[in-house]
Peer 1: 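Sending over a structure as C-alpha cells; questions will come in a sec.
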2 protein chains.
Amino acid sequence: MKVVHYTPTDLKEAVEIIRDALTSKKLMIIYGCCHIFYEGRGASRLTSGDRVIIIKRDGSVLVHRPFGYSPVNWQPETTDISLNITSNELIIKAIRTTPREILEIRFSQIYSITHAILEDKGEFIEYLSEHEIRDYLSKNPSYIEEGLTTIDIEKHVEPGFIDLYCRDRNGNIVVIEIKRVTASRDAVLQLKRYIDSLKKYLPQERIRGLIVAPGISKSALELIERYKFEYKRIDIAQLYKSLRSKQRGRNLLYYITKKG
Amino acid sequence: MKVVHYTPTDLKEAVEIIRDALTSKKLMIIYGCCHIFYEGRGASRLTSGDRVIIIKRDGSVLVHRPFGYSPVNWQPETTDISLNITSNELIIKAIRTTPREILEIRFSQIYSITHAILEDKGEFIEYLSEHEIRDYLSKNPSYIEEGLTTIDIEKHVEPGFIDLYCRDRNGNIVVIEIKRVTASRDAVLQLKRYIDSLKKYLPQERIRGLIVAPGISKSALELIERYKFEYKRIDIAQLYKSLRSKQRGRNLLYYITKKG
DNA sequence: GGCTAAATCTCGTGC
DNA sequence: GCACGAGGTTTAGCC
C-alpha cells in the first residue's frame, strides 16, 4: 500500500487532489476545518470546527470529531459525491436516495489529505456469542440430551440468571450453564449458586446441574465431580454450521480456539 | 490545526511515533497492514490486510476496511490503550471493562501515521424530524387541542397515510397533517384527499381537517378557509425543549428555521 | 420495496 | 451499576 500525503496551500489546490482521489476510487482522509449540513430522515447542522473526514471508494462518508466512537455525521455507501468550490469554501456533497438524504461538508480550510488504495482480502471470522448459542440450544434442547425440554430461558433466581432451565425425560429439573469458551471453575461455581438458590424453593425436586461448553478446565472438572454436576461438550463449529448455513458469504467452518 | 505526517521505515520507528501521539493525547490515524483479534460480548478475528485505524484522544479506537460505512472492529471511548512490539509485529491493545472487552491490532507493516490536535468547539444542532414531531404529538395530543385523543398514527387511507387520526372532545374525527416547516398549499391538498377518501367510508361522521405546522403560507391559508379546515400553529423550539429537556449537553434552544 | 428481528448495537436517563 | 427507551439506529433475512 502506498499512502500519498498532501498539505494543500489553498482550497484550489485541495479541490484538485480530492477530485483525483475520488475519480481514482481511493480511500481518502481529510483533516480540515468545516461546517456541516445534513438533511434527510433527520436534520442537523454542525458549526465550524476541526474534523477528520473519511471518504471510501464505495462512496461512504464519515465525519469524525476529536472525541467519541461514532461519527457526528455520515453517509452510507450508496452515495453520489459531488465537489465544488466557491471563493472561500470547498464543498463536498454526498447524496443518496431511498431515503433521500443530503450530507454537505463545507471546508474553510484543509490541512491535510492522505489517500491510498487499500489491499484488504482479509477474512472476517465472527464466532458465536453465548447469546446465540443459548437461543439455539433452547430451541434444540435435544442437541444437549435426548428428551430434554426447555422450560425457561434466562430464568431469574436470586444469584442471577439461569441460561437454560429444562426438564429431562425423567421429569427432573435441569439447570444449564452455557459457556462459549472452555468452561472454568467460575462457571461451575456459578451453576452451584443457582442450584443452591433453586433448592430452597423446590426442596422436593431432583435438580441436575449441567455445564454446556466446547471444553472444560481440569479444576472445573474436579468441581463438577465434587458437586455431582455433569458436563456436556458441544461442537461450536457444528453448531455454527446449523445456525449460519442459510447465510451467504460465510462459507467456511468456524472454530472457537481458546480463551484469549 | 497542525497535522504531522510520518512514513516510518520500520515498526521500531513507528512505535515511538505512536507512543508520543498517545501520551500527548492527539487524534491519530494509521494506515497499515494488520490482523485483528476481538474478544468480549462477541468474538472475532480479522486476518491480514490493509486498514485504516483511528485512535482518538479519549481512547476510542476504530478499524476501517476500504469499504463500508461501519468499522469492522472498534472500541468505545472508555479504554486503556497499550503498545508493544515484537520482532515482527507492532501490537496495539485497547481494553475496557464493563463489559470486559479486548481489541488487539497486530501490525506487520505501518505505511503512514498522521496525528493532530483538533480544535473543535462546533455546536451540533439537531432539528426535529417530522417523524419525531408526529410521535411526540401522538403521545401528547393535548398539545394540539384540549380533549383530543389519538386513535391512530399513520392511518392508511387510499391516497396515502394520515399523520394523526384523532377524536376531539365532542366525538368528531380529526384528521391531522403535520409539517416540520411552513405548510404549503400541497399540505392542504393532501389533507383534502385524505378527508375526501375517509368521507366515503364514514358518511355519518363529522370530520375535521387540521394542519399542524410552525407556519403557513398565504395560499395554504386561503385553501384552508375554502375547505373549512383549521390551522394550529406549533412552536418547534418549545416542542424541542419538551422532547430533549432530559438530555444533557444540549443546553441551548433549538429552532427550525426554514427548509435548507 | 416494506416489515421483522438482532446487534460487540450506541447513547442516553432514571432507579 | 443495571434496566429501559430511542436512534438519521444499522444490518440481515423474508415476503
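In this text, all values refer to a predicted model and were calculated from it rather than measured experimentally. Chain A is the first sequence line, chain B the second, and so forth, proteins listed ahead of strands; every chain is numbered from 1. Just the heavy atoms: all of them, side chains too, but no hydrogens, waters or symmetry mates, feed the values below.
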Peer 1: Only Watson-Crick and G-U wobble pairs with both distances less than 3.5 Å should count. Give DNA chain D in dot-bracket notation, marking inter-strand partners with |.
Peer 2: |||||||.|||||||
Peer 1: Separation of B/Arg96 atom CZ from C/dC11 atom C1', in whole Å?
Peer 2: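 Whole-Å distance recorded here is 12 Å.
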Peer 1: Rounding to an integer number of angstrom, what distance separates D/dT9 and D/dC4 when you compare their C1' atoms?
Peer 2: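 One C1' to the other, the span is 16 Å.
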Peer 1: For A/Gln75, report the nucleic acid contact type (base, sugar-phosphate, nothing); a contact means any heavy atom under 4.0 Å.
Peer 2: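 Since a base atom lies under 4.0 Å of A/Gln75, the category is base.
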Peer 1: Give a yes/no on whether any side-chain N or O of B/Arg41 is located under 4.0 angstrom from OP1 or OP2 of C/dA7.
Peer 2: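 Answer no for this pair, as no side-chain N or O of B/Arg41 is under 4.0 Å from OP1 or OP2.
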Peer 1: Taking only Lys NZ, Arg NE, NH1 and NH2, and the carboxylate oxygens of Asp or Glu, determine whether B/Arg45 and B/Glu104 approach each other closer than 4.0 Å.
Peer 2: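 Judged by the 4.0 Å cut-off on N to carboxylate O distance, B/Arg45 and B/Glu104 do not form a salt bridge.
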Peer 1: What's the gap between C/dT8 and D/dA6 when it is taken at their P atoms, as a whole Å value?
Peer 2: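 About 22 Å, rounded to a whole number of Å.
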Peer 1: Please check if the number of heavy atoms outside B/Lys200 that lie under 6.0 Å from its NZ is greater than 12.
Peer 2: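 It does: B/Lys200 NZ has more than 12 such atoms within range.
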Peer 1: Given D/dG5, is OP1 or OP2 found less than 4.0 Å from the side-chain N or O atoms of B/Lys139?
Peer 2: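 For D/dG5, OP1/OP2 do not have a side-chain N/O of B/Lys139 under 4.0 Å.
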Peer 1: Excluding sequence neighbours, so at least two apart, what forms side-chain contact (heavy atoms from CB on, under 4.5 Å) with A/Glu77?
Peer 2: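 Listed in chain order: A/Asp58, A/Ser60.
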Peer 1: Please compare A/Gly68 and B/Gly42 by the position of their nearest nucleotide in DNA chain C and report the one closer to 5'.
Peer 2: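 Nearer the 5' end of the strand: B/Gly42.
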Peer 1: Nearest whole Å is fine: how far is C/dA7 C1' from B/Tyr69 OH?
Peer 2: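 My rounded result for the distance is 13 Å.
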Peer 1: Above 12 or not: heavy atoms from other molecules or residues under 6.0 Å from CG of A/Asp80?
Peer 2: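 No.
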Peer 1: How long is the line joining CG of A/Asn73 and P of D/dT10, in whole Å?
Peer 2: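 For the pair A/Asn73 CG and D/dT10 P, the rounded distance is 12 Å.
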Peer 1: Keeping the roles fixed (side chain from A/Gln75, backbone from A/Glu101), state whether a donor-acceptor pair exists under 3.5 Å.
Peer 2: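 Side chain of A/Gln75 to backbone of A/Glu101, a donor-acceptor pair under 3.5 Å: yes, one is there.
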Peer 1: Just the rounded figure in Å: distance from C1' of C/dT10 to CD of B/Glu126.
Peer 2: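 Atom CD in B/Glu126 sits about 14 Å away from atom C1' in C/dT10.
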Peer 1: Would B/Tyr38 count as stacking on C/dT8 if stacking means ring centres less than 5.5 angstrom apart and planes tilted under 30 degrees?
Peer 2: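 B/Tyr38 vs C/dT8: stacking yes.
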Peer 1: When you compare the side chain of A/Ile18 with that of A/Ile110, does any pair of heavy atoms fall below 4.5 Å?
Peer 2: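 Heavy-atom side-chain distance check passes, below 4.5 Å.
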Peer 1: Using the side-chain heavy atoms of A/Ser70, tell me which of these nucleotides is nearest: D/dG8, C/dT10, C/dT8.
Peer 2: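 Closest nucleotide among those given: C/dT10.
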Peer 1: Within this structure, what is the CD-to-P distance between B/Glu77 and C/dC9, rounded to whole angstrom?
Peer 2: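 Result: 16 Å.
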Peer 1: Check the distance between D/dT9's P and A/Leu62's CG and give it to me in whole angstrom.
Peer 2: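 Rounded to the whole Å, the gap is 17 Å.
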Peer 1: Judged by each residue's nearest nucleotide on DNA chain D, which is more toward the 5′ side, B/Thr98 or A/Ala43?
Peer 2: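 Mapping each residue to its closest nucleotide by heavy atoms, the 5'-most match is B/Thr98.
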Peer 1: Check whether any side-chain N or O of B/Ser44 sits under 4.0 Å from OP1 or OP2 of C/dT8, and answer yes or no.
Peer 2: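 For C/dT8, OP1/OP2 do not have a side-chain N/O of B/Ser44 under 4.0 Å.
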Peer 1: Is A/Lys179 paired with A/Glu177 through a side-chain N to carboxylate O contact shorter than 4.0 Å?
Peer 2: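 Yes, charged N to carboxylate O under 4.0 Å.
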Peer 1: Could you report the tightest heavy-atom contact between B/Thr150 and B/Ser138, atom names first, then the distance?
Peer 2: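 In this case the closest contact between B/Thr150 and B/Ser138 is OG1-O, 2.8 Å.
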Peer 1: Over how many whole Å does the gap from A/Ile133 atom CD1 to C/dT8 atom P extend?
Peer 2: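 Whole-Å distance recorded here is 14 Å.
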Peer 1: Quick one: A/Trp74 CH2 to C/dC11 P, roughly how many Å, whole number?
Peer 2: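 The answer, rounded to whole Å, is 11 Å.
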Peer 1: Would you say B/Arg45 reaches C/dT8's phosphate, i.e. side-chain N/O to OP1/OP2 under 4.0 Å?
Peer 2: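 Looking at the OP1 and OP2 atoms of C/dT8, neither is under 4.0 Å from any side-chain N or O of B/Arg45.
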